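Residue numbers count from 1 along this sequence. What you are looking at is a predicted structure, and each value in this text was computed from that prediction instead of being measured. Whatever order the structure lists ligands and atoms in, that order sets their numbers, starting from 1.
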Amino acid sequence: MNNEGVKHLSPVWSRSSDIFVDYGQGVYLYTTDGQRYLDFTSGIGVTNTGHAHPQVVKAIQEQAARLIHGQANIVYHQPMIRLAEELSQILPSQLDTFFFSNSGAEAVEGAVKLARAATGKSNIIVFQGSFHGRTHATMAMTTSRTIYRAGFQPLVPGIFVAPFPYSYGYGWDEETTVKFAIQELKRLLKMQTAPHETAAAVIEPVLGEGGYVPAPASFMRELRQICDENDILLVADEVQSGFGRTGKWFAIEHSDVVPDIMIMAKGMASGMPLSGIGASRQLMEKWTPGSHGGTYGGNIVASAAAVATIQVMREENLIDHSAAMGQILMAGLRRLQEEHPEIGEVRGLGLMVASEFSTPAGQPWSERAQAVAQACHQQGLMLLTCGADGNIIRWIPPLVVNQEQLQEALSIFDQALNETK
Ligand SMILES: Cc1ncc(COP(=O)(O)O)c(C=O)c1O
């Protein structure tokens, strides 16, 4: 295999491995030199139906043979209409109108523009540890690590940061943490961004890149209430937590809170580039026609893949399966935690699970987490880390993963923990 061309790729891509992939099937990736890996990264939470699910592949192939590009400003097409219908069934019923784009960041940008257009207000609140993307506005909204911002100042103004209720990170119990985060949010609205100039609060219901931390339901409910009292839109960024990842269609369902705008991407189309935002018709109608759009958004092949993805998730009962497999995974990790105190906390919802590494003094233990992830990789298990210190191993397998594959991953992890002691 000639890999000379690598020198023509920009080094700006950071890499968790240097393997050359050939093809994928279910939870496995196969390399060009014939190695098999258990892919517990899902391509950063994308391949929820597994790699190359036959129904998704068929939908893509059949659509590509008929039409590859039906531009959304010029024509309507059935896959997009069907997708909007499907989404109106799986999102909270109030969110019945959709706009489509290509990437997570692009959808976040769209949500911010919609919030500004609909409220006539400018400012946006985000939460500490947030990751919303790498475009200019989303970079200003991203606080998970300085690498995403350093050297790119000045950032887009009008973004304000409130604490995320990350109990383990603060070293407090959940009640104390929620109380603190709510108090600081209220102070932010009094001291930095007045409600009359605040358009939206954008939150990941499960903090993703920032550390795989589910926001407690009590926090989400109080946040909803504060938004209502102050005419601020609540925006849920479900780019990573959506489409069954947490054992519900969307993570926000764990708290019964309905956002004003929902942002979706990643798991939506099993790997085809597609993202979207959902809101009520009333809200969407406040967005001046032509003031937002994009050449490729809602691409016909990607839309067909998304419709097939939702069908597969229904037919294979992947939402319940994700919840059940998540329980097994967390129980297995907690068993290992008993023998390995360097695992400070195991937390998660469904198959969005974290194992956070701490030193005996209770400090983030990045080197250990990185060494364990590397040792797992050597044994054929692909894992990603996250968090500001990179001391959190995230468990994010395709939702089609079965019990045997989970046990295999846990036993590789156990071995890696022992080897890297
Ligand atoms: C919660 C969240 N929002 C937005 C994004 C940005 O998505 P993209 O990389 O597709 O632009 C990500 C990507 O990881 C994400 O996890």
Side-chain angles (χ1 to χ4, degrees), residues 12-16 41-48 99-115 124-145 147-149 152 156 159 161 164 166 200-215 220 234-246 250-252 254 259 261-278 294 296-299 302 305-306 348-354 383-388 390 392 394-396:
V12 75
W13 272 297
S14 63
R15 295 191 174 278
S16 65
T41 73
S42 296
I44 325 187
V46 170
T47 55
N48 289 5
F99 172 82
F100 298 109
S101 42
N102 308 284
S103 68
E106 209 186 332
V108 176
E109 294 261 355
V112 168
K113 281 177 71 177
L114 171 58
I124 304 291
I125 293 175
V126 296
F127 294 84
Q128 188 75 282
S130 54
F131 186 94
H132 297 294
R134 296 173 173 95
T135 57
H136 240 74
T138 61
M139 181 170 64
M141 297 166 69
T142 288
T143 58
S144 58
R145 285 173 66 201
I147 182 86
Y148 300 124
R149 305 152 66 100
F152 303 115
V156 169
I159 313 290
V161 186
F164 189 94
Y166 180 4
V202 184
I203 189 162
E204 293 160 81
V206 181
L207 198 62
E209 307 293 309
Y212 272 37
V213 190
M220 292 305 297
L234 177 59
V235 180
D237 180 345
E238 295 248 16
V239 166
Q240 195 155 164
S241 57
F243 291 90
R245 177 51 58 193
T246 69
F250 295 98
I252 198 103
H254 290 280
I261 303 174
M262 174 94 90
I263 307 172
M264 304 163 275
K266 291 195 188 274
M268 190 174 186
S270 294
M272 292 296 286
L274 184 69
S275 62
I277 56 180
Y296 300 111
N299 169 270
L349 290 171
L351 285 170
M352 190 164 185
V353 172
L383 291 167
L384 289 173
T385 54
C386 63
I392 299 156
R394 48 178 147 172
W395 297 79
I396 185 171

Colleague: At their closest point, which heavy atom of Thr385 faces which heavy atom of Gly390, and how far apart are they?
Modeller: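 Closest approach of Thr385 to Gly390, heavy atoms only: CB-O, 3.8 Å.
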Colleague: Only counting residues at least two apart or in another chain, list the ones meeting ring pair (Phe, Tyr, Trp, His ring centres under 6.0 Å) with Phe250.
Modeller: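 If we apply the ring pair (Phe, Tyr, Trp, His ring centres under 6.0 Å) test to Phe250, skipping adjacent residues, the hits are Phe243.
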Colleague: Run the side chain to side chain contact (heavy atoms under 4.5 Å, CB included) test against Ser275 and tell me which residues pass, sequence neighbours left out.
Modeller: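 Scan of Ser275 (side chain to side chain contact (heavy atoms under 4.5 Å, CB included), adjacent residues dropped) gives Ser101, Ala107, Ala265.
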Colleague: Report all protein residues having a heavy-atom distance below 4.0 Å to some atom of ligand 1; order the list by chain, then number.
Modeller: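 For ligand 1, the contacting residues are Ser103, Gly104, Ala105, Phe131, His132, Gly133, Glu204, Glu209, Asp237, Val239, Gln240, Lys266.
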Colleague: Of all the heavy-atom pairs spanning Glu238 and Ile252, show the shortest one and how long it is.
Modeller: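 Looking at all heavy atoms of both residues, the closest pair is OE2-N, 2.8 Å.
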Colleague: Sequence neighbours excluded, which residues qualify as ring pair (Phe, Tyr, Trp, His ring centres under 6.0 Å) partners of Tyr148?
Modeller: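 Once residues adjacent in sequence are excluded, the partners of Tyr148 under the ring pair (Phe, Tyr, Trp, His ring centres under 6.0 Å) criterion are Phe131.
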Colleague: Identify the two heavy atoms, one from Trp395 and one from Tyr212, that lie closest to each other, and give their separation to 0.1 Å.
Modeller: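 Closest heavy-atom pair between Trp395 and Tyr212: O-CE2, 4.4 Å.
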